[in-house]
Engineer: 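This is the structure I have questions about; it appears just below.
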Amino acid sequence: MGKRVAVVLAGCGVYDGSEIHESSAVLVHLSREGAQAEVYAPDVDQMHVVDHVKGQPTQEKRNVLVESARIARGNIKDLAKLDVKGLDALIIPGGFGVAKNLSTWATQGKNCIVSKEVEDVLKAFHAAKKPIGLCCISPVLAAKIFPGCELTVGHDTECEK
């Protein structure tokens, strides 16, 4: 049997959720390598909803778990139910949902808060010495949680640590 990999999503759409191309690429590559992806997302409201045609926020309200289910084709679980036992690795694709729905990085930068569920999952995989894959913007989660973890975010001089 292949490896079981938790994939944590943050909604559906680059501007307010998980980046769809990154998320589907992760799922495709896991499948090609014989791994079984188990998709999770927090059951919380999105920070806001963005009209991806106009690039502007709307007044709509959406749920991160429900929106993430679009990418997972409905095969998704509440992040609160993730148990590191029996899982071999964790991957979090990028997209601004990471900075808006899994943390407050979009509004607070290096002073952000990572959601408790996400922090608990990252710490559990880290403590179990299981691989953690972080794509695009998602490494900011590790930089906030794990002492000594440093990264750069593009050319942003505000985020020096």
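Since the model is a prediction, treat every value here as computed from it, not as a measurement. What you see below is based on every heavy atom in this structure, not just the backbone, and it leaves out hydrogens, waters and symmetry mates.
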Engineer: Which heavy atom of Pro147 sits nearest to which heavy atom of Ile145, and what is that distance?
Structural biologist: CD-O, 3.4 Å

Engineer: Same hydrophobic cluster for Ile20 and Leu65, using side-chain heavy-atom links shorter than 4.5 Å among ILVMFWY?
Structural biologist: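 Yes, Ile20 connects to Leu65 through the hydrophobic network.
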
Engineer: Distance from Lys3 atom NZ to Leu30 atom CG, nearest 0.5 Å?
Structural biologist: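 The distance works out to 12.5 Å.
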
Engineer: Over all heavy atoms of both residues, which pair between Pro93 and Glu22 is shortest? Give the atoms and the distance, please.
Structural biologist: C-OE1, 3.9 Å

Engineer: Would a single hydrophobic cluster contain both Leu9 and Val66, if residues Ile, Leu, Val, Met, Phe, Trp and Tyr are joined by side-chain heavy-atom contacts under 4.5 Å?
Structural biologist: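 Different clusters.
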
Engineer: To the nearest 0.5 angstrom, please state how far the CD atom of Glu19 sits from the CZ atom of Phe96.
Structural biologist: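 Atom-to-atom, Glu19:CD and Phe96:CZ are 10.5 Å apart.
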
Engineer: Is the shortest heavy-atom distance from the side chain of Val64 to the side chain of Leu79 under 4.5 Å?
Structural biologist: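 Val64 vs Leu79: side chains apart.
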
Engineer: Would the number of heavy atoms belonging to other residues, nucleotides or ligands and lying under 6.0 Å from NE2 of His52 be above 12?
Structural biologist: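 Buried by this count: over 12 neighbours within 6.0 Å.
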
Engineer: Closer than 3.5 angstrom, by distance alone: can the side chain of Thr104 be matched with the main-chain N or O of Thr107 as a donor-acceptor pair?
Structural biologist: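 No, the answer is negative, given that no donor and acceptor are paired below the 3.5 Å cut-off.
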
Engineer: Measuring from Leu87:CG to Gln36:CD, what's the distance to the nearest 0.5 Å?
Structural biologist: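 The CG atom of Leu87 sits 9.0 Å away from the CD atom of Gln36.
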
Engineer: Please say yes or no: joined through hydrophobic side-chain contacts below 4.5 Å, possibly via intermediate residues, are Leu90 and Val39 part of one cluster?
Structural biologist: no

Engineer: Considering non-hydrogen atoms only, spot the tightest contact between Ser138 and Ile92 and give its length.
Structural biologist: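 Nearest heavy atoms, Ser138 then Ile92: OG-O, 2.8 Å.
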
Engineer: Tell me the closest heavy-atom pair linking Cys12 and Ile71, and the distance in Å.
Structural biologist: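 What the structure gives for the nearest pair is SG-CG1, 3.8 Å.
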
Engineer: Can any side-chain N or O of Arg4 pair as donor or acceptor with the backbone N or O of Glu38 at less than 3.5 Å?
Structural biologist: no

Engineer: Taking the side chain as every heavy atom from C-beta outward, state whether Leu82 and Phe125 have any pair of such atoms under 4.5 Å apart.
Structural biologist: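 Yes. Closest side-chain heavy atoms under 4.5 Å.
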
Engineer: How many angstroms lie between atom OH of Tyr15 and atom NE2 of His48, to the nearest 0.5 angstrom?
Structural biologist: 11.5 Å

Engineer: Measure from the side-chain N and O atoms of Lys144 to the backbone N and O of Ile113, and report whether any donor-acceptor pair falls under 3.5 Å.
Structural biologist: no

Engineer: For Ser68 and Ala41, work out which heavy atoms get closest and say how close.
Structural biologist: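 Nearest heavy atoms, Ser68 then Ala41: OG-CB, 3.5 Å.
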
Engineer: So, are Lys116 and Glu119 salt-bridged, with charged N and O less than 4.0 Å apart?
Structural biologist: no

Engineer: With rounding to the nearest 0.5 Å, note down the distance linking OG1 in Thr58 to CG in Asp51.
Structural biologist: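 Going from the OG1 atom of Thr58 to the CG atom of Asp51 covers 7.0 Å.
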
Engineer: Can you hop from Tyr40 to Ile76 via hydrophobic side chains spaced under 4.5 Å?
Structural biologist: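 Tyr40 does not cluster with Ile76.
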
Engineer: Honestly curious: do Ile132 and Val7 fall in one hydrophobic cluster under the side-chain, below-4.5 Å linking rule?
Structural biologist: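 Looking at the clustering, Val7 is in a separate group from Ile132.
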
Engineer: Kindly compute the distance separating CZ (Arg70) from OG (Ser18), expressed to the nearest 0.5 Å.
Structural biologist: 13.0 Å

Engineer: I'd like to know if the side chain of Asn101 reaches the main chain of Asp16, judged simply by a donor and an acceptor atom lying under 3.5 Å from each other, with no hydrogens or angles considered.
Structural biologist: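 Checked: pair present.
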
Engineer: With a 4.5 Å heavy-atom cut-off, do Val5 and Val26 have their side chains touching?
Structural biologist: no

Engineer: Show your reasoning for whether side chain to side chain contact (heavy atoms under 4.5 Å, CB included) applies to His29 and Ile91.
Structural biologist: CA-CA 12 Å; His29 285 282; Ile91 299 177; over 6 Å; no

Engineer: Counting only heavy atoms not in Asp83, do more than 12 sit closer than 6.0 Å to its CG atom?
Structural biologist: yes

Engineer: Determine whether a donor-acceptor pair (N or O, by modelled atom type, separation under 3.5 Å) exists between the side chain of Gln46 and the backbone of Arg62.
Structural biologist: no

